[in-house]
Amino acid sequence: MKLCLSDSSVRHSYFVDGLPVEAAMKSCRQLISRLLPLRKSSTLARVNASSGHVEVQEEQGSPLKYPQVWLRDNCQCAGCFHSATRARKSHWERGPLNIGVSQVGFNQEEQQLEVIWQDKHRSTFDIAWLRERDFGEAARKRYLQEVYKPPAQLWGKSDFEAVRREFQYQDVLQQKAVLKDWLEALAVQGFAILKGAPNDINVAKHLAKRIGYIKRTTYGDVFEVKSKPNAGNYAYLMTPLPLHTDMPYYEYKAGINILHTLVQSESKGGANTLTDGFYVASQLQKQHPQDFEVLRSVPVNWFDIGHDGDDSKPFHSLWRAPVICLDADGGFARVNQNTTKRDSRFSVSLEQAVSWYNAYDKFLAIAQSEAVEFKTQAGDVFVFNNLRMLHGRTAYEDAPGNKRHLVGAYVDWDIIYSKLRTLKFPNAKD
Ligand code: OGA
Ligand code: NM2
Ligand code: ZN
Ligand code: ZN
């Protein structure tokens with residue numbers, strides 16, 4: 001019996017007579033159907049005459065529906081599917097589109113949909129597996145929100161206190177449940193603050209490793225944010241940093257930014273500024289739809305030229321992308337903004353350039369009016385979604401005996417979401 005990412009797999013840890021609850025329920029059902037051989041079928045399978053879709057009607061709820069081609073494509077038999085690697089074996093022999101269903105039935109005892117195909121091939125599908133893959137809107141939505149990605153909760157300045165999450169550094173390192181909550185906060189609220197980290201330059205690295213793998217960039221494994229002589233990056237000065245995302249000049253831009261404060265400035269400044277770029281984009285879309293469209297479509301040249309990192313190799317990074325990038329569903333995927341990293345080369349038409357400046361001006365006005373400010377203390381780790389949040393810093397002054405010092409590291413979202421899913425669904429099989 002396979003367990004999958006259905007509600008039942010979340011309850012996998014409950015056992016009845018030594019059997020996982022789903023398996024125990026299955027043997028109960030088998031027993032009942034043996035004891036009551038005349039009992040009427042409770043689940044029905046049929047091919048819908050008008051749509052051609054295969055429908056499985058359980059005792060309750062609306063029918064589960066599947067295209068015939070999808071069922072054939074996803075046949076789970078050993079000839080079609082290699083279960084150990086969860087892989088379809090097909091080389092696409094042009095079969096699935098051309099072979100229709102000849103007969104369908106529901107096996108009550110096995111709780112399986114049985115399909116006999118026109119070429120006599122046979123497939124069986126467990127009901128739990130089918131429910132998990134129901135094409136109905138509610139099931140698709142549940143999968144996307146619970147398994148794929150928790151939906152982002154966009155926030156403006158007035159929501160800041162309500163969305164602000166804090167965790168203890170040691171708890172994140174030692175407790176899986178806290179690690180999960182922290183990663184979920186990064187996905188949903190877009191940022192979180194860890195408290196109580198030791199005065200150790202490896203904190204950011206440890207956190208990246210706790211998630212999975214650090215993202216190595218042209219700035220090294222980790223980078224030190226402090227005022228440096230011969231600074232090669234604007235962040236390594238004491239100047240204010242305008243609201244920005246790091247690395248818009250990368251196609252594979254860093255997913256999250258982990259900024260550990262080792263020494264905070266005793267001067268008035270050195271505070272963080274933060275605004276939710278997805279919220280800003282959504283406000284722009286509402287208030288100025290045409291400007292939104294411009295920022296969504298006009299590619300900007302982002303650049304980074306210099307040398308840095310452990311080995312001080314020279315780099316010449318370029319990436320052209322709009323300020324607002326959408327995903328295939330039309331949702332917000334990534335915001336690019338960094339005034340210090342925007343190239344003076346702008347490879348678009350004169351007309352596009354002029355309308356872009358007008359739209360950008362509106363975007364930044366909203367970003368600035370929705371920005372919050374707070375000042376981390378030594379031992380705080382400020383972590384945020386670098387695809388979504390705009391962050392900045394107020395100007396500060398180092399003094400003898402007080403040199404502001406942060407250590408930063410990056411991790412990609414592929415690694416973070418994967419870790420989050422393994423924490424939420426430790427027994428996922430397929
Ligand atoms: C950076 C940065 C924030 C800070 O280095 O890119 O945003 O507080 N630093 O210095
Ligand atoms: N640092 C901190 O995008 C940027 O260049 C912002 C990145 C230098 C790694 C700063
Ligand atoms: Zn098969
Ligand atoms: Zn930054």
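Fair warning: this is a prediction, and the values are worked out from it, not measured in the lab. Just so you know, these numbers use all the heavy atoms, side chains as well, and skip hydrogens, waters and symmetry mates. Both ligands and their constituent atoms are indexed starting at 1 by order of listing.
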*At what distance, to the nearest 0.5 angstrom, does NZ of Lys253 lie from CG of Asn336?*
4.0 Å
Can you pull every nitrogen or oxygen pair between ligand 1 and the protein closer than 3.5 angstrom?
from: ligand 1; atom 1: 6 (O); to: His244; atom 2: NE2; distance (Å): 3.4
from: ligand 1; atom 1: 6 (O); to: Asp246; atom 2: OD1; distance (Å): 3.2
from: ligand 1; atom 1: 7 (O); to: His244; atom 2: NE2; distance (Å): 3.2
from: ligand 1; atom 1: 7 (O); to: His391; atom 2: NE2; distance (Å): 2.9
from: ligand 1; atom 1: 8 (O); to: Arg404; atom 2: NH2; distance (Å): 2.8
from: ligand 1; atom 1: 10 (O); to: Arg393; atom 2: NH1; distance (Å): 3.1
from: ligand 1; atom 1: 10 (O); to: Arg404; atom 2: NH1; distance (Å): 2.9

*Determine, using ring centers only, whether Phe315 and Tyr219 are less than 6.0 Å apart.*
yes
*Charged N to carboxylate O under 4.0 angstrom, Asp134 versus Arg142?*
no
*Give every protein N, O or S atom lying under 2.8 Å from the Zn ion (ligand 3), naming each by residue and atom.*
Cys75 SG, Cys77 SG, Cys80 SG, His121 NE2
*asked:* Suppose we call two aromatic rings close when their centres sit under 6.0 Å apart. Are Phe160 and Phe191 close by that rule?
replied: yes
*Proximal heteroatom of His391 relative to the Zn ion (ligand 4) (N/O/S)*: NE2
*I would like to know whether Thr218 and Tyr250 meet side-chain hydrogen bond (donor to acceptor under 3.5 Å, both in side chains); could you show each step before the answer?*
CA-CA 10 Å; Thr218 32; Tyr250 269 22; 2.6 Å; yes
_Quick check: of its N, O or S atoms, which one does Asp246 have closest to the Zn ion (ligand 4)?_
OD1
_Tyr410 six-ring centre to Lys215 NZ/CZ under 6.0 Å and within 45° of normal_ = no
_Classify the ring geometry of Tyr66 against Trp70: parallel below 30°, tilted from 30° to 60°, perpendicular beyond 60°._
parallel
*Using a distance-only test with no angle check, is there a side-chain donor-acceptor pair under 3.5 angstrom linking Asn385 and Trp413?*
yes
*Look at the rings of Tyr360 and Trp356 and say which category their plane angle falls in: under 30° parallel, 30 to 60° tilted, over 60° perpendicular.*
parallel
*What is the ring orientation for Phe374 with Phe382, classed by angle as parallel under 30°, tilted 30 to 60°, or perpendicular over 60°?*
perpendicular
_N, O or S atom within His244 nearest to the Zn ion (ligand 4), by name_ = NE2
